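A short worksheet on the structure shown next.
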Protein chains: 2
Amino acid sequence: MLTTKKTIRRQFILDEAAKLFKEKGYGGTSMRDLAGNVGLEAASMYNYIKSKDEILELICQRIAGIYISQLAEIEQTPQATYAAKVEALIRLHIRLMVEEGPAVSVANHDWKYLPEPQLTAFKQARKSYEQGFARLIEQGVAAGEFQALHPSVALFTILSAVRWVELWYRPGRELSAEELENDIVAMLLSGLAK
Amino acid sequence: MLTTKKTIRRQFILDEAAKLFKEKGYGGTSMRDLAGNVGLEAASMYNYIKSKDEILELICQRIAGIYISQLAEIEQTPQATYAAKVEALIRLHIRLMVEEGPAVSVANHDWKYLPEPQLTAFKQARKSYEQGFARLIEQGVAAGEFQALHPSVALFTILSAVRWVELWYRPGRELSAEELENDIVAMLLSGLAK
DNA sequence: TGCTTTTTCTAACAACTGTTCGTAAGAGCT
DNA sequence: AGCTCTTACGAACAGTTGTTAGAAAAAGCA
């Protein structure tokens with residue numbers, strides 16, 4: 001059995017931690033704060049996690065893994081155009097934001113507090129992800145599907161434009177997740193101007 | 001004389017603080033860290049600033065003021081089209097990122113650590129700024145200049161897309177500030193696809 | 001030069017940090 | 001029931017936090 005009672009409880013701690021880290025930052029969240037939200041004393045949590053660092057590490061690792069596997073999936077899916085690939089990747093991104101808001105927020109903002117072996121690993125993983133995404137854009141430009149923008153500019157514009165979703169999206173807002181997705185894709189691929 | 005020796009030294013402390021806050025976060029930066037970068041003992045800085053909170057407050061206030069005055073300037077400039085207004089505002093944004101990277105970064109990420117009277121004030125200022133910007137977009141949509149996107153989506157896509165500049169731009173990169181500006185504007189207004 | 005005011009330092013404070021230890025309470029099993 | 005193993009807790013640790021008080025040094029000025 002992989003989902004023992006212990007791993008479930010641990011995941012609960014990680015989820016609560018992600019919410020708090022998002023709200024108050026990694027440094028601004030104390031183990032006693034977290035314990036309060038979890039419903040335990042601070043000391044008791046050490047039955048489930050090794051350290052505060054490890055909490056951050058597990059959250060960042062999980063999200064990085066999802067990002068990378070999503071890119072791999074898109075890369076090896078034979079699709080008509082590069083525009084279709086980029087669009088699909090944008091949509092996966094947005095869905096991840098909606099479904100895993102707090103954890104993604106932590107991976108986006110608090111990764112810099114990772115302790116040293118993991119910090120380098122995370123930065124490297126992110127870099128290789130960005131390079132893979134940039135390659136898709138380059139190929140699209142070379143194929144004449146995209147405007148001749150500098151690939152890095154297009155890449156970071158997309159990545160950043162998608163990031164605010166995690167800050168903004170609340171289930172039950174006037175805008176559905178689907179409409180949101182369509183509008184962002186339209187904006188990024190076709191632009192605001194008519 | 002407004003720029004006394006004391007205010008110059010204080011501004012230097014604020015600038016160093018912005019760099020450190022950007023790098024390690026507000027909570028991750030201690031007064032002793034800051035003092036080290038400034039070249040003083042921690043206690044000595046209290047001749048120039050009242051508290052660590054005040055440092056954050058002054059940085060955020062200054063940037064918020066710039067944002068608001070930039071919007072006001074664009075709003076009352078009679079310009080041909082809404083597209084031209086939005087483009088001008090985007091360009092001002094990007095220039096601010098390039099010129100005041102660290103301070104803008106702090107105002108974007110660490111504002112949530114502001115103590116309470118200022119926190120509400122900052123949030124309100126930002127909200128009114130966003131509403132002003134959104135109005136420009138709405139009017140552009142109404143005038144038929146823009147695609148019929150939800151104004152909030154267009155707004156936050158623009159604001160976020162512009163934000164990464166502060167994380168990415170280094171003077172002396174292969175891309176000049178001007179090229180950067182043109183590519184981002186092209187991407188946001190015309191889209192990536194051809 | 002001496003006097004005053006400003007600037008800087010050292011030392012210390014109380015509060016808080018992540019984490020460990022020993023023990024008590026609980027769960028599961030026979 | 002008694003025994004074992006896991007989980008939870010209170011207390012305490014060493015270190016760090018922002019900040020203050022008082023003395024020392026520096027600067028400005030007569």
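Predicted model, so just to flag it, every value in this text is computed and none were measured.
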Minimum-distance nucleotide (side-chain atoms of B:A42 versus C:dG18, D:dT19, D:dG18): D:dT19

Check the side chains of A:Q11 and A:D15 for a donor-acceptor pair under 3.5 angstrom, ignoring hydrogens and angles. yes

Heavy-atom nearest pair, A:R10 first then A:Y48, reads NH1-O, 3.0 Å

Find which nucleotide of DNA chain D each of A:R32 and A:Y48 is nearest to by heavy atoms, and output the residue with the more 5' nucleotide. A:Y48

A:S30 side chain, from C-beta outward: closest of C:dT17, D:dC9, D:dT17: C:dT17

Roughly how many Å is it from CD in B:E41 to P in C:dC9, rounded to a whole number? 5 Å

In whole angstroms, how far is the P atom of C:dT20 from the CG atom of A:N47? 12 Å

Measure OH/A:Y46 against P/C:dT17 and give the value in whole Å, please. 12 Å

Closest to the B:S44 side chain: C:dC9, D:dT19, C:dC21? C:dC9

Nearest whole angstrom, please: distance from the C1' of D:dT17 to the NZ of B:K24. 13 Å

Spacing between B:I49 atom CD1 and D:dT20 atom C1', to the nearest angstrom: 13 Å

Nearest-angstrom distance from the residue atom CG of A:L40 to C1' of C:dT19: 16 Å

How close or far is atom C1' of D:dA8 from atom CE of A:M31, stated in whole angstroms? 15 Å

Keeping the roles fixed (side chain from B:S160, backbone from B:F156), state whether a donor-acceptor pair exists under 3.5 Å. yes

Can you tell which of A:I158, A:V153, A:L149 makes a side chain to side chain contact (heavy atoms under 4.5 Å, CB included) with A:I137? A:I158

Let's see if you can work this out: which of C:dC9, C:dC21, D:dT7 has an atom nearest to the side-chain heavy atoms of A:K6? D:dT7

Would you say the side chain of B:Y26 lies within less than 4.5 Å of the side chain of B:V106, judging by non-hydrogen atoms? no

Scanning all shown strands, the Watson-Crick or wobble mate of D:dC29 with both distances under 3.5 Å is C:dG2

Could you tell me how far apart B:K5 (NZ) and C:dT6 (C1') are, to the nearest whole angstrom? 13 Å

Between the base of D:dT7 and the side chain of A:R9, is there any donor-acceptor pair under 3.5 Å? no

